[in-house]
Number of protein chains: 2
Amino acid sequence: MHESGTESGQRSIVTLDDIARRAGVSQPTVSRALADSPLISAKTKARIREIADEAGYQVNLVARSLKTRSTQTLGLVVPQVSNPYFPKLIQCFADTARAAGYHLQLQLSGADQEAEAACLGYLREVRVDGVLIVTSRGGLPARKQAEALLEAGVPVVILGWVEDCEHFDMVMADDAVGGSALAQHLIGLGHTRFGIVGATPHRGHYDRLVGFLAGLSEAGCAAESVDHFPAVSEAEAEEAVDIWLAMPDRPTALFAYRDVLAAYLVKHLTNRGLSVPGDVSIVGFDNLDLATFVNPQLTTVDLPIEALAATAVNQLLTRIAEQPMQAAVRREILTPQLVLRQSSGPPPVSMPCTKENNK
Amino acid sequence: MHESGTESGQRSIVTLDDIARRAGVSQPTVSRALADSPLISAKTKARIREIADEAGYQVNLVARSLKTRSTQTLGLVVPQVSNPYFPKLIQCFADTARAAGYHLQLQLSGADQEAEAACLGYLREVRVDGVLIVTSRGGLPARKQAEALLEAGVPVVILGWVEDCEHFDMVMADDAVGGSALAQHLIGLGHTRFGIVGATPHRGHYDRLVGFLAGLSEAGCAAESVDHFPAVSEAEAEEAVDIWLAMPDRPTALFAYRDVLAAYLVKHLTNRGLSVPGDVSIVGFDNLDLATFVNPQLTTVDLPIEALAATAVNQLLTRIAEQPMQAAVRREILTPQLVLRQSSGPPPVSMPCTKENNK
DNA sequence: AGCTTTCTTGCATACGAATGCAACACCTGC
DNA sequence: GCAGGTGTTGCATTCGTATGCAAGAAAGCT
């Protein structure tokens, strides 16, 4: 009771004016002093600074932003945050931005169109200095709003693949190279029959497929040796496992578009008493933390998330620095890395077309 | 070439003044029209609205915030976003806030003191209307800044446990109840020797331990039947497994403070050829998505994350609505739920002190 | 001493939107 | 035809900060 504590501390927002009054100078002088302007004498600065932080002054960034027409903030739009791929990206993006003196305004677009549009609208309303949009499943639902943002002079960068967008800057990983690397790896192990598990229209992950197939055909593998198993959810992955099990001449290696899918496959395969990679090799794509949690750990392709985030931030900063925004779009494509783990191995010795080892 | 595209659209920011000019009215009239004020006639409103969205007008929220002294934004401080517990929380918090017309300003405190202080400082500078701080490992490193925030009239709510904080509103899950439920479950299965795996000083998860022990002693289980295995990282979890393996009279059930730890235990136990729950039962805490990815799926305690987030938002909104902030602190404690899965079962039939079944 | 130069400070204003108050137009009733 | 009301609109100002410009003080120069 000897201390006042949280009693009433309401609305005691200290402004430059308050400090000016206490210091007996004008408000602009305080502004300049705290900004360390060379116009102000050293001793005045010192005195004002002392008074300022004794009074617990904190800049009002909304006022400053209004005046300077800059929020020093970058908007980041991601579809969701439960998918472990995004947290990593957010973290890296935030770190790079902070290093450059920028703050982060995160928006969750939730993958449906209205939400993404709303996010972009909000980001425009709060006057962020630039926006990075991470595509969800290869789409850019709110393309219109994104273009409006650009036309309003706000730099926009797209992270990931999106079809038919001519005038956006982009940064992405070379999924084709990753897919190709996986194919070569599996062929090197001796596999000849392959399965591909993922969404059917392959939206967004199209290049993974293309790269994988290219890798196969480069090694002289016929296209007929590849089967497709459409699946996006866990249930569909389980179904895919059953379909695979029932095949007479089944693939000895399965390529899942995403680590999460690969993890589902491993789970349901082992549930059915099959061994990975003894009976079948599984490879994924993304290299999520998840990939090391499943047993066996997943062979996969590591997306260079830190590099992607850093590149995106730099592209935005470059655009922001350009006084009139240049017309030419910029694209950067980074190369992912193959990560070998335990889920891939040589095919079973006996020919898999006979069902003898299925019992 | 028939279309101009992204040519030059720079700095064409439309303001209320622009619209006023085009409509031949005053700026305040436009402001009121777009705010649907009853002061403005229906036909003027219609005309202005048309002109506004033909011109692509977007409110400038920084100007509005400056004038109204409210940003309609809630700050959320979480230690990190890689831990899958947080994404879920963020999502729920964002959804509840949005439903109430509030936006989210996410800050990653990174668990070290300066960072958390910087986050709170920034949130104060941008004038958020309220702040939810999610404690990292039971600490509130930037307590000073949090109190400064409160004294400046900004509502602050703490999510999670933090020792010795008298004047903060809080919302938390009843970890003790969860721990106790786990203990009862294991005892019901017939276990008599227990191991606890987690950080040694039990910072932040202290109640989980207390509840677990209380549950045991309630069932008449002696305290000597409990061993502690300090571990926070994966490496330490592996070490714990080895120590456990070497014990003459080892526990038949292991309680990990966090699902992630439990997952590590399962992984390294099965790596060493042991069966879960055949040889040893494992239980976790948190009910992350991860818990269903590991094999066997984890028996754990489900934290009511949605409810926690919603409660926190409501506490903040209540505080914001209070004109002078009331002095009395508010605390809400929610009850978690036991989730039974495959990682727990009856103890092995042969006494585990003999090593016969270890081969 | 008078004048220019260099420092330091204050004045005025702008950023874009919201709002109390005054002013004007219109309609009604006498 | 004029007082009083009602319904719309404009004027003036405010939020807190930044900055171009003028003004004043101090100092150096002839």
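Chain identifiers are assigned alphabetically (A, B, ...) following the order of the sequence lines, protein sequences preceding nucleic acid strands; residue numbering begins at 1 within each chain. These values consider heavy atoms only, across backbone and side chains, with no hydrogens, waters or symmetry-generated copies.
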Within this structure, what is the [atom1]-to-[atom2] distance between [X] and [N], rounded to whole angstrom?
X         : N       : atom1 : atom2 : answer
Arg64(B)  : dG16(D) : CZ    : P     : 18 Å
Arg47(B)  : dT9(D)  : CZ    : C1'   : 12 Å
Arg124(B) : dG16(D) : CZ    : C1'   : 15 Å
Arg21(B)  : dG16(C) : CZ    : P     : 11 Å
Asp17(B)  : dC15(C) : CG    : P     : 9 Å
Lys43(A)  : dC7(C)  : NZ    : P     : 14 Å
Leu61(A)  : dC15(D) : CG    : C1'   : 15 Å
Ile40(A)  : dT8(C)  : CD1   : P     : 8 Å

- So how far off straight is the helix from dA1(C)-dT30(D) to dC30(C)-dG1(D), going by the axes through five pairs at either end, to 10°? 60°
- Task: Please confirm whether any donor atom in the side chain of Gln27(B) sits under 3.5 Å from an acceptor in the base of dA18(C), or the reverse.
- Result: yes
- Task: Go through the N and O atoms of the side chain of Arg127(A) and the base of dG16(C), and report whether any donor-acceptor pair is under 3.5 Å.
- Result: no
Heavy-atom pair with the smallest gap, counting every atom of [X] and [Y]:
X         : Y         : result
Pro87(A)  : Val81(A)  : CG-O, 3.6 Å
Val128(B) : Val154(B) : O-CG1, 3.9 Å
Val162(B) : Leu140(B) : CG2-CB, 3.7 Å
Leu74(A)  : Asp129(A) : CD2-C, 4.5 Å

Just N and O in the side chain of [X]: are any of them under 4.0 Å from OP1 or OP2 of [N]?
X        : N       : result
Ser41(B) : dT9(D)  : yes
Tyr57(B) : dA17(C) : yes
Arg69(A) : dA18(D) : no
Ser31(B) : dA17(C) : no
Ser26(A) : dT9(C)  : no
Thr68(B) : dA18(C) : no

- Task: Under the side-chain hydrogen bond (donor to acceptor under 3.5 Å, both in side chains) rule, what do Glu147(A) and His167(A) come out as? Steps first, then yes or no, please.
- Result: CA-CA 9 Å; Glu147(A) 278 169 357; His167(A) 32 268; 3.0 Å; yes
- Rounded distance [0.5 Å steps], CG in Leu61(B) versus OH in Tyr122(A): 6.5 Å
- Query: Counting any heavy atom closer than 4.0 Å, what does Thr44(B) reach on the DNA or RNA strands: base, sugar-phosphate only, or nothing?
  - Reply: sugar-phosphate
- Message: Using a heavy-atom cut-off of 4.0 Å across all strands, would you classify Leu16(B) as base, sugar-phosphate, or nothing?
- Response: sugar-phosphate
Measuring from the side chain of [X] (C-beta onward, heavy atoms only), which nucleotide among [options] has the closest atom?
X        : options                   : result
Ala63(A) : dA12(C), dG16(D), dC11(D) : dG16(D)
Arg32(A) : dG20(D), dG16(C), dA12(D) : dG20(D)
Thr15(B) : dT8(D), dA17(C), dC11(C)  : dA17(C)

- Query: With nearest nucleotides of DNA chain D determined for Val25(B) and Gln58(A) from heavy-atom distances, which residue corresponds to the more 5′ nucleotide?
  - Reply: Val25(B)
- Between Lys45(B) and Lys67(B), just flag the one whose closest nucleotide in DNA chain D comes earlier from the 5' side. Lys45(B)
- Ignoring hydrogens and angles, tell me if any N or O in the side chain of Arg127(B) forms a donor-acceptor pair with the backbone of Arg124(B) under 3.5 Å. yes
- Message: With nearest nucleotide decided by heavy atoms, which residue, Asn60(B) or Leu39(B), maps closer to the 5′ end of DNA chain C?
- Response: Asn60(B)
- Salt-bridge test for Lys45(A) and Asp36(A): reply yes if a basic N is under 4.0 Å from a carboxylate O, no otherwise. yes
- Message: Assess whether a salt bridge exists between Arg319(B) and Glu322(B), defined as any Lys/Arg side-chain N lying under 4.0 Å from an Asp/Glu carboxylate O.
- Response: yes
